[in-house]
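Inspection log for the structure reproduced underneath, given as structure tokens.
Whatever order the structure lists ligands and atoms in, that order sets their numbers, starting from 1. What you are looking at is a predicted structure, and each value in this text was computed from that prediction instead of being measured. In this chain, residues are counted from 1 in sequence order.
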Amino acid sequence: MMVSAISLLVFLFGLIIGSFLNVAIYRYRTGYTLRGRSQCLICGKTLRWFELIPLASFIIQGGKCRACGGRISWQYPLVELATALALWGIYRQSLFTHNNLWLLILDAVIWVLLIAITTYDLRHKIIPDEWVYTFAGLAMIRLVVSGADWKWGFIAGVILFGFFGGLWLISKGKWMGFGDAKFALGIGFFLGLEPALSAMMFAFWSGALVGLAIIAIERFQFSARLAGVPARRAVLGREIPFAPFLTLGIALVYFAQLHVVPLFIS
Ligand SMILES: [Zn+2]
């Protein structure tokens, strides 16, 4: 009973953090600070307090601005929900792992960063240096604090960085951005060698699936156009950001403890 009440509080706290995170992602490098009232991006109306309740406002308003009826981006409720689920997941996990408070706080900050990096990469197809270096730095601190054999985590980061850096170098940045290499460095520090490799496999598999789906949809649209059916709109850009797949891989390893690499070794 007590535990579920704390779970709920952690989840609600996550929603609020997610709401701030949306503002931070949106205003990053725009010259706006985190202060100042939120406005509708279409009509500019200053939003009232009841239009700023995480998740709830979006659902009640049907994803539309109350003043102009303009569509509100799905990014807002999704980032709020993802942050809430992440913090809740970290809390739930701590009940079994009995990690100390510092480790919990580090994990929470790391996951908030991961969600920010993923969302920013989806929007702008670039990973901000400050965020990805902060992630790698915090992951390094976590590695030392956790009391695990930090040498392996360190080696994991270097190996993954080398692998992604190699892909970036060989393809002259076509297959992989250099931002992905910096991201991989932190992933190695954060998870350690075997779990990080499992996360990479999930990332490449899910990335390949989505890539194939996009090619299939484009083919379909192309043949529809040949048949005289007007294409409604282009599906997606050619460049698919990779950070979301990497984060999905990290989540599968970190929260669901899914590991694929041991299957290949044993
Ligand atoms: Zn509006």
Side-chain angles (χ1 to χ4, degrees), residues 8-89 108-109 111-132 134-135 177 179 210 213-214 217-218 220-221 224-225 229-248 251:
L8 184 67
L9 277 177
V10 170
F11 188 83
L12 292 176
F13 177 70
L15 284 180
I16 295 167
I17 298 292
S19 178
F20 281 113
L21 192 58
N22 271 319
V23 179
I25 293 164
Y26 180 71
R27 295 187 183 178
Y28 181 72
R29 283 197 179 150
T30 56
Y32 289 103
T33 59
L34 289 180
R35 287 160 176 273
R37 304 291 300 275
S38 292
Q39 298 172 326
C40 168
L41 301 178
I42 298 158
C43 68
K45 183 180 121 37
T46 300
L47 300 176
R48 304 276 306 273
W49 65 268
F50 54 83
E51 293 168 298
L52 292 166
I53 302 168
L55 218 55
S57 295
F58 185 89
I59 294 167
I60 292 166
Q61 293 166 213
K64 288 180 182 146
C65 168
R66 278 178 65 251
C68 69
R71 287 222 149 271
I72 302 168
S73 168
W74 275 94
Q75 179 201 311
Y76 295 93
L78 287 180
V79 165
E80 286 158 2
L81 189 63
T83 312
L85 285 175
L87 296 198
W88 174 74
V109 177
W111 270 101
V112 166
L113 259 174
L114 286 174
I115 293 166
I117 287 170
T118 303
T119 312
Y120 202 87
D121 196 28
L122 274 172
R123 275 183 82 126
H124 304 288
K125 290 173 183 167
I126 194 161
I127 304 174
D129 268 349
E130 289 94 329
W131 297 1
V132 81
T134 307
F135 165 60
V210 170
I214 288 172
I217 293 169
E218 279 178 348
F220 175 74
Q221 285 201 336
R225 224 172 304 151
V229 182
R232 278 188 302 173
R233 65 194 172 100
V235 184
L236 272 172
R238 266 263 161 245
E239 247 182 283
I240 306 168
F242 199 57
F245 300 109
L246 288 170
T247 303
L248 175 71

Exercise for the section: Mind checking salt bridge (Lys or Arg N to Asp or Glu O under 4.0 Å) for K45 and listing every partner two or more places apart, or none if nothing turns up? Expected result: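 By the salt bridge (Lys or Arg N to Asp or Glu O under 4.0 Å) rule, K45 matches E51.
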Practice task
Could you tell me which non-hydrogen atom of I117 sits nearest to which non-hydrogen atom of I127, and how far apart they are?
Solution key: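 Between these two residues, the closest heavy atoms are CG2-CG2, 3.6 Å.
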Practice task
On the 0 to 90° scale, with breaks at 30° and 60°, tag the Y120-W131 ring pair as parallel, tilted or perpendicular.
Solution key: perpendicular
Exercise for the section: Assess whether ring-ring contact (aromatic ring centres under 6.0 Å, His included) is satisfied between Y76 and F58, documenting all intermediate values. Expected result: CA-CA 8 Å; Y76 295 93; F58 185 89; 8.4 Å; no
Exercise for the section: Please list all pairs passing the side-chain hydrogen bond (donor to acceptor under 3.5 Å, both in side chains) test where one or both residues lie in residues 11-26, with sequence neighbours left out. Expected result: N22-Q75
Handout entry: Shell of protein N/O/S atoms around the Zn ion (ligand 1), taken as anything under 2.8 Å
Key =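 You should have found C40 SG, C43 SG, C65 SG, C68 SG.
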Problem - Residues which pass ring pair (Phe, Tyr, Trp, His ring centres under 6.0 Å) with F135, listed by chain and number, not counting sequence neighbours - result: F183
